[in-house]
Amino acid sequence: MNRRRRVYEGKAKILYEGPEPGTLVQHFKDDATAFNAKKKDVIDGKGVLNNRICEFIFENLNAIGVPTHFVRRLNMREQLIREVEIVPLEVIVRNVAAGTLSERLGLDEGTQLPRSIIEFCYKNDELNDPLVSEEHITAFGWAAPQEIDDIMALAIRVNDFLSGLFLGVGIRLIDFKLEFGRLYENEMVRIVVADEISPDSCRLWDIGSDEKLDKDRFRRDLGGLLEAYTEVARRLGIMSENEPVATARGPVLVQ
Ligand code: CDP
């Protein structure tokens, strides 16, 4: 089936050549990785859920005028996207202290931040995606000052949209990661949201219980990752109550 040319394979996704020039197909795998792929597993059905959740979020962002690379979902695991030149930054938006911010600044996880904070990491697995400042970004030419401004403005809009969306379904948006790309179009170039937005790239806590509904379930060996992602999809009204998460592997023997 996959006779298409594979353009890139990452930890959780594969990019194939798209049906027309300037397009790609983004395929969501079931692979889960953490700590720069030092911890790995396969979680049947994760890719299907992330594809659907990402579709829902990107479609809504497109609809409110936040440009993304997303065109449309193609099937259970794949979406059609516009080809962009990825800016080599992981842009992290934080509302509440958690993860590496808590470690770095000695803040208890769950502490509300005085305001939303945007951080930049240089996208480089060999270096463990180090935190960098705007000075590094412009000095090394990873993005121009105007592009950093555009990225920050879009990141704030995405944060406001996602915070409200999740709040409405009883979920607190703690933090999330964005990637951006340069979209070349009729002699013009503009910054758009790329990659994915899913429970793999966000921290999502249930408002009543603080239960984690995101990839920390895998990072911290809490179990129940698929159930948590399904709950996010269900609350967003993406998947109906009884819709099975189809996987290519068939039933799994319970031991
Ligand atoms: O998640 P971790 O503790 O490694 O790092 P963080 O800087 O606290 O992550 C902040 C947010 O960005 C979390 O929602 C992570 O899931 C997300 N993130 C990501 O999706 N991919 C990365 N390479 C790093 C962070």
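Because only heavy atoms are used, hydrogens play no part in the values below, and waters and symmetry mates are left out as well, while side chains stay in. Numbering of ligands and ligand atoms starts at 1, following listing order. Count residues from 1 along the sequence.
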May I have the step-by-step check of side chain to side chain contact (heavy atoms under 4.5 Å, CB included) for I171 and L213, ending in yes or no? CA-CA 9 Å; I171 293 173; L213 301 173; 3.9 Å; yes

Among protein heavy atoms, which lies nearest [atom], and at what distance?
{"atom": "atom 3 (O) of ligand 1", "value": "R203 NH2, 3.0 Å"}
{"atom": "atom 15 (C) of ligand 1", "value": "R219 NH2, 3.5 Å"}
{"atom": "atom 6 (P) of ligand 1", "value": "T100 OG1, 3.2 Å"}
{"atom": "atom 20 (O) of ligand 1", "value": "S201 CA, 3.3 Å"}
{"atom": "atom 25 (C) of ligand 1", "value": "I92 CD1, 4.1 Å"}
{"atom": "atom 24 (C) of ligand 1", "value": "E90 OE1, 3.6 Å"}
{"atom": "atom 12 (O) of ligand 1", "value": "K177 CB, 3.5 Å"}

Taking 4.0 Å as the limit for heavy-atom contacts, which would you say applies to A34 with ligand 1: side chain only, backbone only, both, or neither?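 Contact part for A34 vs ligand 1: neither.
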
Close approach, D200 and ligand 1, non-hydrogen under 4.0 angstrom: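 Heavy atoms of D200 do come under 4.0 Å of ligand 1.
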
Salt-bridged, [X] to [Y], with N to O below 4.0 Å?
{"X": "K215", "Y": "D200", "answer": "no"}
{"X": "R157", "Y": "D160", "answer": "no"}
{"X": "R217", "Y": "E211", "answer": "yes"}

In a table with atom names and distances, give each donor-acceptor pair under 3.5 Å that connects a side chain of residues 54-61 to protein atoms at least two apart or in another chain.
residue, atom, partner, partner atom, Å
E55, OE1, R73, NE, 2.8
N60, ND2, F56, O, 2.7

Is there any N or O on D175 that sits under 3.5 Å from an N or O of ligand 1?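 Yes - when backbone and side-chain N and O of D175 are compared with those of ligand 1, one distance drops under 3.5 Å.
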
Below 4.0 angstrom from a heavy atom of R94, which ligand 1 atoms are there? Numbered from 1 as shown, please.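 Checking each atom against R94, I get 6 (P), 7 (O), 8 (O), 10 (C).
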
Looking at D129, which atoms of ligand 1 are within less than 4.0 Å of one of its heavy atoms?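 Those qualifying, in numeric order: 23 (N).
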
Distance under 6.0 Å and angle within 45° of ring axis: K39 vs F218: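 Judged by the rule (NZ or CZ under 6.0 Å from the ring centre, within 45° of its axis), K39 counts as positioned above F218.
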
For N51, give me all partners under side chain to side chain donor-acceptor pair (under 3.5 Å), at least two apart in sequence or on another chain.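 Expected list: Q79.
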
Give the minimum heavy-atom separation between G181 and A194, together with the two atoms involved.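 In terms of heavy atoms, the two residues are closest at N-CB, 4.0 Å.
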
